[in-house]
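Okay, so here's the structure we're looking at.
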2 protein chains.
Amino acid sequence: MDSATKDTATRILDAAERLFVEHGFEATSLRTITQQAEVNLAAVNYHFGSKDALFQAVLVRRLAPLNQQCVAELDVLEKSGAPITVEGVLMTFIRPCLALSKDPNRGGAMFVRLLSRTFVENHRLIRDTLPQQYSEFVNRYSKAFSRVLPGLKLEELAWRLHLAFGLMFNAFAGNDVLKIFVKSDIVSARDPDTVVRHMIPFVIAGLTNPATQS
Amino acid sequence: MDSATKDTATRILDAAERLFVEHGFEATSLRTITQQAEVNLAAVNYHFGSKDALFQAVLVRRLAPLNQQCVAELDVLEKSGAPITVEGVLMTFIRPCLALSKDPNRGGAMFVRLLSRTFVENHRLIRDTLPQQYSEFVNRYSKAFSRVLPGLKLEELAWRLHLAFGLMFNAFAGNDVLKIFVKSDIVSARDPDTVVRHMIPFVIAGLTNPATQS
DNA sequence: GTCTATATCTCGATAGAC
DNA sequence: GTCTATCGAGATATAGAC
């Protein structure tokens, strides 16, 4: 669908998604959003009610289907009868993220970065409202990983998942700024396939690492 | 030194450090900073010139000594004659961060989280001005890690450092929000010793992982 | 150096015509 | 549903007395 033919609400969502990812929620004004969306300033409050509500709408538009896909992939994996591995469970999360990253009209790619950024920014909308809506996601992955990482104490498992998901969200965010720690031209942190290719073995190594600290 | 006896500029820096870490740069107003610092609103512009300049001052106050400590630790390690390991190099970075995290008047702990948050937020002041000032840091760690990870191609090494430093900054940031992926009460992501204890084996496993993707 | 007072601007949100 | 016009709040920054 061409940009000009999308309805007003969608145009606002697309522009907001892009701008929130680039500059963050607080630094993005409704005026900038409506200019880029080529709609009237008042349209935001007409369609969404407030800036906070717009942000929530931007998130749930893609988060709900993403959540469903992850759970569906877990269902397939667990009912397949095939042996389940750490990589297998990991890929049920990475594959939907990757599919979104490769969305041909680029909206999905924006969203993966926005989701990552929103998590690291610890925004109140993520902190207060979204967790309870996705308890199924949390429960399913907690169980799935405890099954493929059976040797770990509960606390140790929790820490490894904390670090692993933090790493993956951070990697998907693709911040160029981390390049200052490496030779700047080598790492192209924005190509999702490349990110995932390097991310997977790193995360698996961390998750399956036999060493446990005293 | 008691808080009340600190001079105005220091009180402003302390309050700004604390508030930037909690709410981010954009969402923190000079009014809030000066109220918490118990100084006059105009004092910020008198002492620092602008909000951007204040932010830069907050960063360089601690970043310059931190940078020096890391380089000094690398010097000691490399001149000791003892065998150099991945963990050894890693600890030259982690130890100064940890020392700062345990700053008794809590300013340092704030700063480590602020630094982490600023990196993941990809703020323009980090992106544009700071990298060139700390090229020594980058060069030294690039060389040190390539020495202890000799089997890796340059690109592979760059990716692993990208992921490793991203992970460490993210872990030091201690965002509660990642706890939604684990049982919420188990992980106390704010205690720096606990963070580091779980972080180190995870990072080492990722860095030294023999698997390389095609 | 520290204060009051204020200039100037931009923000989110809304009223009301069409 | 879409527009213009604007409100009131809050932002950064500064002028000028002390």
Side-chain angles (χ1 to χ4, degrees), chain A residues 1-61 114 118 121 123-126 128-129, chain B residues 1-61 114 118 121 123-126 128-129:
Chain A
M1 193 188 297
D2 188 69
S3 167
T5 68
K6 287 177 181 169
D7 64 15
T8 300
T10 305
R11 300 250 296 278
I12 292 171
L13 287 171
D14 291 344
E17 190 171 57
R18 186 170 55 248
L19 286 163
F20 287 159
V21 119
E22 204 64 34
H23 309 294
F25 175 78
E26 301 287 352
T28 303
S29 70
L30 294 182
R31 283 171 172 79
T32 309
I33 292 170
T34 51
Q35 280 169 19
Q36 284 221 5
E38 294 179 311
V39 301
N40 188 272
L41 170 61
V44 171
N45 276 318
Y46 176 78
H47 285 282
F48 299 98
S50 72
K51 190 186 178 187
D52 273 7
L54 169 61
F55 189 33
Q56 196 143 7
V58 166
L59 291 176
V60 300
R61 171 171 68 151
L114 174 62
T118 306
E121 278 184 353
H123 194 279
R124 63 181 182 280
L125 290 179
I126 282 278
D128 299 337
T129 68
Chain B
M1 190 188 297
D2 188 70
S3 166
T5 67
K6 288 177 180 170
D7 65 14
T8 300
T10 304
R11 301 250 294 279
I12 292 171
L13 287 172
D14 290 344
E17 192 170 56
R18 185 170 55 249
L19 287 164
F20 286 160
V21 105
E22 203 65 34
H23 306 109
F25 175 77
E26 302 288 350
T28 304
S29 71
L30 295 183
R31 281 177 171 79
T32 310
I33 293 171
T34 51
Q35 279 169 19
Q36 285 222 3
E38 293 178 313
V39 301
N40 188 272
L41 172 61
V44 172
N45 277 319
Y46 176 79
H47 285 283
F48 299 99
S50 72
K51 191 186 176 186
D52 273 8
L54 169 62
F55 189 33
Q56 198 143 6
V58 167
L59 291 176
V60 301
R61 171 171 68 150
L114 174 62
T118 306
E121 278 183 353
H123 194 279
R124 62 181 184 281
L125 290 179
I126 283 276
D128 299 338
T129 67

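The shown structure was predicted, so the numbers you read here are calculated from the model rather than taken from an experiment. Note on naming: letters A, B, ... go to the chains in the order of the sequence lines (proteins, then strands), and numbering restarts at 1 for each one.
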Quiz item: Given atom CD1 of I33(B) and atom C1' of dG10(D), what is their separation to the nearest angstrom?
Solution: 15 Å
Self-check item: Distance in Å, L19(A) CG paired with D14(A) CG, rounded so as to fall on 0.5 Å steps
Solution: 11.0 Å
Self-check item: Test item: T32(A) side-chain N/O and T28(A) main-chain N/O as donor-acceptor pair under 3.5 Å
Solution: no
Quiz item: Got L13(A) and L54(A) here, is their nearest side-chain heavy-atom distance under 4.5 Å?
Solution: yes
Quiz prompt | Interatomic distance, E38(B) CD vs dG1(C) P [rounded to whole Å] | solution = 20 Å
Exercise. Select base, sugar-phosphate, or nothing to describe what T28(A) touches, counting heavy atoms under 4.0 Å on all strands.
Key: sugar-phosphate
Quiz item: Taking atom P of dG12(C) as reference, at what distance in whole Å does atom CD1 of I12(A) sit?
Solution: 13 Å
Exercise. Give a yes/no on whether any side-chain N or O of S29(A) is located under 4.0 angstrom from OP1 or OP2 of dC11(C).
Key: yes
Practice problem: Could you tell me whether the side chain of V44(B) reaches within less than 4.5 Å of the side chain of K51(B), counting heavy atoms only? | Solution: no
Quiz item: dT2(D) phosphate, OP1 or OP2: any side-chain N/O from T8(A) under 4.0 angstrom?
Solution: yes
Below 3.5 Å between N/O atoms, which protein atoms pair up with nucleotides 13-18 of chain D? Just atom names and distances, please.
from: dA13(D); atom 1: OP2; to: K51(B); atom 2: N; distance (Å): 2.9

Quiz prompt | Within residues 13-26 of chain A: residues closer than 4.0 Å to DNA chain C (heavy atoms) | solution = none
Quiz item: Can you find a heavy atom in the side chain of T118(A) that is under 4.5 Å from one in the side chain of F55(A)?
Solution: yes
Exercise. Give, for atom CG of D7(A) and atom NE2 of H47(A), the distance between the pair rounded to the nearest 0.5 Å.
Key: 7.5 Å
Self-check item: Parallel, tilted or perpendicular: rings of F20(A) and F25(A) (30°, 60°)
Solution: tilted
Self-check item: Separation of dA13(C) C1' from H47(A) NE2 (nearest whole Å)
Solution: 16 Å
Quiz item: How many angstroms lie between NZ in K6(A) and OG1 in T8(A), if you round to the nearest 0.5 Å?
Solution: 12.5 Å
